[in-house]
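These notes are about the structure you will find just below.
The analysis underlying the following values was restricted to heavy atoms, covering all of them including side chains, and did not include hydrogens, waters or symmetry mates. Throughout, protein chains are lettered first and strands after them, A, B, ... in sequence-line order, and every chain is numbered starting at 1.
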Amino acid sequence: MRINRILRTKPFGHELEIKGWVRTRRDSKTVSFIEINDGSCLENLQVVIDPGIPGFDSVAREINTGCAVTVHGVARKSPARGQEMEVEASSIALTGGCDPAAYPLQKKRHSLEFLRTISHLRPRSNVIGAVTRIRSRLSFAVHRFFHERGFCQVHTPVITANDCEGAGEIFRVAAADGGDFFGRPAGLTVSGQLEAEAYALALGRVYTFGPTFRAENSHTSRHLAEFWMIEPEMAFCDLEEDIDLAEEFLKYLILYAFDNCSADLALFSRFVDKGLEKRLRRVLEHDFARITYTEAVELLQKSGRSFEFPAEWGMGLQSEHERHLCEEVFNAPVVVTGYPADIKPFYMRRNDDGKTVAAMDVLFPGIGEIAGGSQREERPERLEAVMRERGMDPAAYQWYLDLRRFGSAPHAGFGVGFERLLLFVTGMKNVRDVIPFPRTPGHI
RNA sequence: UCCCGGGUAGCUCAGUCGGUAGAGCAGGUGGCUGUUAACCACCCUGUCGGGGGUUCGAGUCCCUCCCCGGGAGCCA
């Protein structure tokens, strides 16, 4: 039986089989204690070994931190403090030994930077194990959220010829002989949005959730060359409804973590970020503030704060500006809408003022931009005009223009970086620690 | 790519004025105890990131390259 179930069902008096990895061992003359973790939960199970049991001399001596073991025994109430239950071993077998002098993981805590250097072993640490379980459960919750609301998941291509202008540098795909994609240039996707639009304008409500690639030479705690992005896209939907969905979605995931990952979450509150649960609750309990870009610039200019880059209409909001807005002005998530058209991608819907577009960014305290989206330009002549203005060849995007030519409809969507979401939920500070094998410049 | 801060034992770090390196933890051995990141004693561990320079002498000063972390930009 796995340890999470044993701890939940408390099968006192029952014979159990436990398979897992030894975290610590403490010896006494008359009895040995080993703590086993099997990855099913954060908690370890204490196994008590009497030196008289079969195989003790040949096996138990070699058991120490890192070993894989199989234990048979009976669940008992623990007479000592520290745990309610323990397992009295009747037999123990060493499944895989582990040389303690060579094993990099110790019983004590390690720095996250060190754990990054042993990415194949770090899932055996408490923190990375907890991150991994939360990542998995929230991934499931993403699918559940959309399926409960009638969305259809679309598997958009990883290899694509779209560069989704404005979404960053692309990795080129090449065959082993150095050629390109069978004679045509191709790259790894930077966003599934354009393809998702095609399916939204057929199935109504769709979403993508998959890996995304950016070739930018970014060295920050918030960027990866390979990351996972969630992108819903809805037909017959305007920007307001888009924002409503984003807010509902983000709150849903946080609530899901509270309801389903409480033990792991408690670890983060205790060791990673003391203010975590309070901050998560604050997001759940408050409506997201909604302001326009123009209002944001005015707020920043009136704030009396001196920024390294003063806020100015027409310029993008700097990280320091985003921080000021959601950490000091509103102390809550902030949604900024109506950005200048010139600093946003071609596909966003032009507002009636002619200068701004129906874009929105969701800013979270401590994280910055966690989601970005827009209502898309559904008017074919407007879309084509913008493409020409920007020197894009409409012929290359004929399929995308066709979506407007044949049965066009207002539609909108947004993208959420899954790792940034995990930073917020776990209180971790670096996206490299919330993805199993992080891909960053110089690291593969 | 730019700006900071780092690189010393397996890990986390200290190292004064330039005088050939130290602690805690881990590991080993022994002891003790229904133990809780157990405890006590002893022992082991170093191309001081690489290269060059200054100097009688460099972990320490200078130059250079590499790597790591934080921030910025870009973005999710």
Determine the contact category for A:Glu308: base if any of its heavy atoms lies under 4.0 Å from a base atom, sugar-phosphate if only primed atoms, P, OP1 or OP2 are that close, otherwise nothing.
-> nothing
Polar pairs (N or O, both sides) under 3.5 Å between protein and nucleotides 68-71 of chain B?
unit_1: B:C68; atom_1: OP1; unit_2: A:His443; atom_2: NE2; d: 2.3
unit_1: B:G69; atom_1: OP1; unit_2: A:Arg116; atom_2: NH1; d: 3.3
unit_1: B:G69; atom_1: OP1; unit_2: A:Arg432; atom_2: NH1; d: 2.9
unit_1: B:G69; atom_1: OP2; unit_2: A:Arg432; atom_2: NH1; d: 3.4
unit_1: B:G70; atom_1: OP1; unit_2: A:Asn430; atom_2: ND2; d: 2.8
unit_1: B:G70; atom_1: OP2; unit_2: A:Asn430; atom_2: ND2; d: 3.4
unit_1: B:G71; atom_1: OP2; unit_2: A:Ser221; atom_2: OG; d: 2.9

Please tell me if the side chains of A:His219 and A:Thr440 come closer than 4.5 Å, counting only heavy atoms from C-beta onward.
-> no
In whole angstrom, give me the gap between the C1' atoms of B:G6 and B:C13.
-> 12 Å
For the side chain of A:Phe114, counting heavy atoms from C-beta on, which of B:C74, B:U12, B:G28 is nearest?
-> B:U12
Side chain proximity check, A:Ile34 to A:Arg23, heavy atoms < 4.5 angstrom = no
Find the distance A:Asn126:CG to B:A37:C1' and express it as a whole number of Å.
-> 10 Å
Between B:G73, B:C25, B:G34, which one does the side chain of A:Gln106 approach most closely?
-> B:C25
What integer number of Å spans the C1' atoms of B:A26 and B:C44?
-> 12 Å
Considering residues at least two apart in sequence or located in another chain, which fulfil the side chain to side chain donor-acceptor pair (under 3.5 Å) criterion with A:Glu320?
-> none
Using the P atoms only, state how far B:A21 lies from B:G46, rounded to an integer number of Å.
-> 12 Å
With a 4.0 Å cut-off on heavy atoms, is A:Leu224 in touch with a base, just the backbone sugar-phosphate, or nothing at all?
-> base
Could you tell me whether A:Pro104 contacts a base, only the sugar-phosphate backbone, or nothing, with contacts defined as non-hydrogen atoms closer than 4.0 Å?
-> nothing
Sticking with atom P, work out how far B:U60 lies from B:G71, rounded to a whole angstrom.
-> 29 Å
Taking only nitrogen or oxygen atoms into account, show me every contact under 3.5 Å that the protein makes with nucleotides 38-41 of chain B, one pair per line with its distance.
unit_1: B:A38; atom_1: OP1; unit_2: A:Lys107; atom_2: NZ; d: 3.2
unit_1: B:A38; atom_1: OP2; unit_2: A:Arg26; atom_2: NH1; d: 2.8

Indicate, with a heavy-atom threshold strictly under 4.0 Å, whether A:Glu88 touches base, sugar-phosphate, or nothing.
-> nothing
Audit row: A:Glu43, A:Asn4, side-chain contact (heavy atoms from CB on, under 4.5 Å) steps and yes/no | CA-CA 8 Å; A:Glu43 293 83 359; A:Asn4 62 338; over 6 Å; no
Among the candidates B:G28, B:G73, B:U35, find the nucleotide nearest to the side-chain atoms of A:Gln318.
-> B:G73
What residue among A:Val334, A:Val329, A:Val297 forms side chain to side chain contact (heavy atoms under 4.5 Å, CB included) with A:Ile291?
-> A:Val334
Would you classify A:Ala80 as touching base, sugar-phosphate or nothing, given that sugar-phosphate means primed atoms plus P, OP1 and OP2, and contacts are heavy atoms under 4.0 Å?
-> base
Whole-Å gap separating P (B:C11) and CG (A:Leu121) = 14 Å
Run the side-chain contact (heavy atoms from CB on, under 4.5 Å) check on A:Arg122 and A:Asp433 step by step: do they pass?
-> CA-CA 10 Å; A:Arg122 69 176 185 166; A:Asp433 299 323; 3.3 Å; yes
For residues A:Leu224 and A:Glu419, determine if any side-chain heavy atom of one lies less than 4.5 Å from a side-chain heavy atom of the other.
-> yes
For nucleotides B:G49 and B:C67, find the distance between their P atoms and express it as a whole number of Å.
-> 16 Å
Earlier contact from the 5' end, RNA chain B, for A:Ala371 and A:Gly82 | A:Gly82
Identify the two heavy atoms, one from A:His286 and one from A:Lys251, that lie closest to each other, and give their separation to 0.1 Å.
-> O-NZ, 2.9 Å
Could you check if a side-chain atom of A:Gln318 sits within less than 4.5 angstrom of a side-chain atom of A:Glu322, using non-hydrogen atoms only?
-> no
Euclidean distance for P, B:G50 against B:G7 (whole angstrom) | 13 Å
Could you check A:His110 against A:Val31 and say which one's nearest nucleotide on RNA chain B is further toward the 5' end?
-> A:His110
How is A:Ser111 classified with respect to the nucleic acid when contacts are heavy atoms under 4.0 Å: base, sugar-phosphate, or nothing?
-> sugar-phosphate
Carefully, step by step, assess A:Glu195 and A:Val154 under the rule side-chain contact (heavy atoms from CB on, under 4.5 Å).
-> CA-CA 9 Å; A:Glu195 291 94 343; A:Val154 177; over 6 Å; no
B:A58 versus B:C17 - spacing of their C1' atoms, nearest Å = 14 Å
B:C61 and B:U16: how far apart are their C1' atoms, nearest whole angstrom?
-> 15 Å
